[in-house]
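First listed ligand is number 1; within each ligand, the first listed atom is number 1. Since we're looking at a predicted model, the values are computed, not measured.
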Amino acid sequence: MQTHLRGRDMITTQEWTRSELDSVFEVAKELKRARALGKPHAHLRDKSLAMLFFFSSTRTRASFEAGMTQLGGHAAFIDSETTQISHGDTAKEMGEILGRYYDGIAIRQCDWGDGNKYIREVAEASRVPVLNMQCDVYHPFQILADMLTIMEKVGDPRGKTINVSYAYASSYQKPLSVPQSLILLMARYGMNVRLTAPPEFQLMGDIVEQARENARRSGGSFEQLGDFDAGFKGADVVYPKSWGCWLTTEDKEESAKIGGKYKDWITDSRRMALAKEDCGYMHCLPADRNIEVTDEVIDGPNSWVYDEAENRLHVQKAVMALTM
Ligand code: CP
């Protein structure tokens, strides 16, 4: 159990050691148990968290806000529509100023090429920990929740196969942050990671290389496939979700046209039957129902999506309690 995490930023799990991440899971389980038993756990009494949202959110906002209250503190919702964070206020100013008001600064900024840069600039100027609530590159709290869910469902993740796959969605060009953070962390914990995507939907090359290296060090494996059905074969866990073809084009119309070629990349019962019988279906949500995944699968017995969403609360509380 690591006890030296006060003041640390959580921008990507790659910057935390395995033993530090294990401490997060240990504390998350303890806090989950305490909440289930109705045991007060006000570890952050009188502390407050600034939550800067440049993009909309349901789960992230709700779970950070509820989490801070349960820890005895307060979370302030600061969005780009009603404040000056997206015009005028610079990243450096926000780090300096909000770091003097609050005990932690959490940020969601997903603009392609800018989000991670913004969060790092705030962190550089801030005297308090900065927590990444999703950027263009990483979504660490989602993936910590996903790992906790996998541990709860299958036990030791080593040697289990997870298929991180592109799926079609018509809504909008989503960030690469979920699949990128997934391949990094799952490979770190010794899983056999499959990344399945059409040629236009590749992830950032340096992230893929880091995932490959993580797998090599952990005794797991990493492979890339281009066939949707093949990704499901024999998998213990499947995580098919939509993301944008950012490395191919940033143009909305062009990306919609490219995505349109893959409308049949939908998770349905036939695909699930290719995986192991007890294979878990995961999705960070929101999902484009009956476009990315059928109701039958997402509402079916193999779906872990509600436990996965719940675990956002517990891992975030653990990181906040350890760092703030
Ligand atoms: N999974 C997730 O981050 O959900 P929100 O975008 O609703 O916060």
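Leu313 and Leu148 end up in different hydrophobic clusters when Ile, Leu, Val, Met, Phe, Trp and Tyr side chains are linked at under 4.5 Å. At a threshold of 4.5 Å between side-chain heavy atoms, the hydrophobic network of Ile, Leu, Val, Met, Phe, Trp and Tyr places Leu225 and Met204 in two separate groups.
For Met133, the heavy-atom gap to ligand 1 stays at 4.0 angstrom or more. The closest approach between a heavy atom of Arg312 and any atom of ligand 1 is below 4.0 Å.
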From CA spacing to verdict: salt bridge (Lys or Arg N to Asp or Glu O under 4.0 Å), Asp251, Lys257: CA-CA 10 Å; Asp251 183 80; Lys257 206 166 135 193; over 6 Å; no
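Counting only heavy atoms of the protein, atom 4 (O) of ligand 1 lies nearest to Arg59 NE, 2.9 Å. Thr58 N, 2.7 Å is the protein heavy atom nearest to atom 7 (O) of ligand 1. In terms of protein heavy-atom proximity, atom 6 (O) of ligand 1 is closest to Arg108 NH1, 2.9 Å.
Remark: ligand 1 and Gln142 share an N or O pair separated by less than 3.5 Å (distance only, no angle test). Every N/O-N/O distance between Pro286 and ligand 1 stays at or above 3.5 Å. Considering backbone and side-chain atoms together, Ser56 places no N or O closer than 3.5 Å to any N or O of ligand 1.
In summary, the side chains of Thr196 and Asn163 do present a donor paired with an acceptor at a separation below 3.5 Å, with no hydrogens or angles considered. In summary, the side chains of Ser221 and Asn192 do present a donor paired with an acceptor at a separation below 3.5 Å, with no hydrogens or angles considered.
Within ligand 1, the atoms closer than 4.0 Å to a non-hydrogen atom of Cys284 are 1 (N), numbered from 1 in the order shown. Near Leu285, meaning under 4.0 Å from any of its heavy atoms, are these atoms of ligand 1: 1 (N), 2 (C), 4 (O).
Geometrically, Arg18 engages Tyr189 in a cation-pi contact defined by less than 6.0 Å to the ring centre and at most 45° from the axis. Note that Arg271 lies outside the cation-pi zone of Phe228, set by a 6.0 Å cut-off to the ring centre and a 45° limit from the axis.
Between Arg33 and Glu30 there is no salt bridge, since none of the side-chain N atoms of the basic residue sits less than 4.0 Å from a carboxylate O of the acidic one.
The residue Gln134 has no part lying near ligand 1, judged by heavy-atom distances below 4.0 Å.
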